[in-house]
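All values below come from the heavy atoms of this structure, side chains included, with hydrogens, waters and symmetry mates left out. In what follows, every chain begins at residue 1, and chains take the letters A, B, ... in the order their sequences are listed.
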Number of protein chains: 2
Amino acid sequence: MPATEQNLIIRKLESIFRLSDEERAALQALPMQVQAIRADQDIVREGDRPTRCFALLEGFTATYKMTGDGKRQIHSWHVPGDIPDLQSLHLRVLDFSISTLTPCRVGFIQHEPLRELCRKQPRIMEAFWRQTLVDAAIFREWITNVGRRDAYNRMAHILCEWVLRLRAVGLVEDHTCDLPMTQTELADATGISTVHVNRVLQELRGNGLIVLRGNRLKVLDWDQLRQVGDFDPTYLHFGEDREVA
Amino acid sequence: MPATEQNLIIRKLESIFRLSDEERAALQALPMQVQAIRADQDIVREGDRPTRCFALLEGFTATYKMTGDGKRQIHSWHVPGDIPDLQSLHLRVLDFSISTLTPCRVGFIQHEPLRELCRKQPRIMEAFWRQTLVDAAIFREWITNVGRRDAYNRMAHILCEWVLRLRAVGLVEDHTCDLPMTQTELADATGISTVHVNRVLQELRGNGLIVLRGNRLKVLDWDQLRQVGDFDPTYLHFGEDREVA
DNA sequence: CGTTTGGTTGAAATGTGTCAAACTTTGTGG
DNA sequence: CCACAAAGTTTGACACATTTCAACCAAACG
């Protein structure tokens, strides 16, 4: 397999579907315009009517919405390999924005070749559909998290998810990974205030569940973090399909 | 068009896509097992591995999840015409439960004929995909609602959505519609306590925005309700496609 | 090396939860 | 059709998790 930017997407899809040579080749042939983007930049914005999607190749992004009185809510994070605005293939108007959390490299893919690909390779289309369904499952879990867990448990939950998602793309080593978001961004994701995020993180540290220094997170006690976060990874639907015929 | 149970689904899809005669016929031919279900019954449950979906024909349902300590969070409501667990076509394990809010009539459809239909009628598949994307958009809005709006605004928002979704299927007359959920269920949807739901509803009534009697809701001042709820219906993606070629 | 950004701390204010009781409506069986 | 039970709603008092405000500190950065 040639070392192209498309490989990341292929690897991600292959964790879901067994791809044929033909399907792999079709993905390799996807025209993609790679671009570097600084941290804290919007890639797409609420109200846009995009004619292309993007694949996240390097770095981290988040979807968010602003309320009328200027509060921000983050709905999810993205890790390399994700195609965060895939839905724009079928919903013309974007109802959310996507911003970089860190400097990123992204690959833009025009809708047209993507539609063409879906038409010719129905299994790839299925894989894409499935991706958007997993996104939805994560949204449901976040509603639950924000609606029904207190700040301490909520933060533990979101950290559990983060670690598992990074592990799935090989970015966790020795229980340690990047945690690139600021406490303000964690606040916007959990629906609590920045000040309280700080207190809750200290409590998690004080209780010996995690170590947090700079932008690195180390999980000291996974079992307890998981328990505090009331975390059941089913909703991430990892490797579910390997069992499928 | 013969008066079948499938018509409701077809009508719903046609509000999204212009269907050909062939496509309509294919939908009509979908084998469907109709069943009546009492109120407050689970139709599917977290952890299930369904081999069929169901279309809601009459009544109202909701998806929900329980947390470890027994709290419930509702993620969305369903109105007649919806196929609430369509995602089980591509995600084997259900990560949520669906319960009836009222007595319902539902039509079960086996996965196999549904997959067959998607294979043969790619436009219908697209319509289905699109449905699941709108669901996801609603989830995002609910995260925002629960995470970043206070109880009063949150309740106003959820009522706005309810009214618009019912209006879309012709169930609103004279600004009045059913509101079949109990205050406990409203609490589970908004992430606040039952007692506080009651207080907030009274505030909305006291301010002349709504009338609430029995299970009937009347909106007295839509503009203000909308404003209080910080409600922008874009995320429901109504009639967006009529513009599409 | 000064400036900016992000993290930390404490005190006071407040929105929402909890508890417990009363009231009202709905449904049901005698 | 009444009487009773069950389910849902309403109320008040109090507790408390979280927010807000304001200041300070530490790290990163040009």
Show me the donor-acceptor pairs, under 3.5 Å and distance only, between side chains in residues 175-183 of chain A and residues at least two apart or in other chains.
{"residue": "A/T176", "atom": "OG1", "partner": "A/D174", "partner atom": "O", "Å": "2.8"}
{"residue": "A/D178", "atom": "OD1", "partner": "A/R216", "partner atom": "NH1", "Å": "2.8"}
{"residue": "A/T182", "atom": "OG1", "partner": "A/T184", "partner atom": "N", "Å": "3.4"}
{"residue": "A/T182", "atom": "OG1", "partner": "A/E185", "partner atom": "N", "Å": "3.1"}
{"residue": "A/T182", "atom": "OG1", "partner": "A/E185", "partner atom": "OE1", "Å": "3.4"}
{"residue": "A/Q183", "atom": "OE1", "partner": "A/N198", "partner atom": "ND2", "Å": "3.0"}

Problem - A/F231: partners by ring pair (Phe, Tyr, Trp, His ring centres under 6.0 Å), with sequence neighbours left out - result: A/H157, A/Y235

Fill in the blank from the handout: For A/R226, the side chain to side chain donor-acceptor pair (under 3.5 Å) test, sequence neighbours excluded, returns none

Completion exercise
Residue set satisfying side chain to side chain donor-acceptor pair (under 3.5 Å) with B/D223, at least two apart, ordered chain then number -> none

Residues in side chain to side chain contact (heavy atoms under 4.5 Å, CB included) with [X], at least two apart?
{"X": "A/A187", "value": "A/T194, A/V197, B/R148"}
{"X": "B/L171", "value": "B/F60, B/P80, B/L166, B/V169"}
{"X": "B/D232", "value": "B/T234"}
{"X": "A/D48", "value": "A/V44, A/R45, A/P50, A/L94"}

Which pairs, protein N/O on one side and nucleotides 20-25 of chain D N/O on the other, fall under 3.5 Å?
{"residue": "D/dT20", "atom": "O4", "partner": "A/R199", "partner atom": "NH2", "Å": "3.1"}

Problem - Interface with DNA chain C, restricted to residues 147-157 of chain A and to heavy atoms under 4.0 Å - result: none

Atom pairs under 3.5 Å: protein N/O with N/O of nucleotides 4-7 of chain C:
{"residue": "C/dG7", "atom": "OP2", "partner": "A/Q183", "partner atom": "N", "Å": "2.9"}

Completion exercise
As a check of understanding: the bend across the helix from C/dT8-D/dA23 to C/dG30-D/dC1, end axes from five pairs, rounded to 10 degrees, works out to 40°

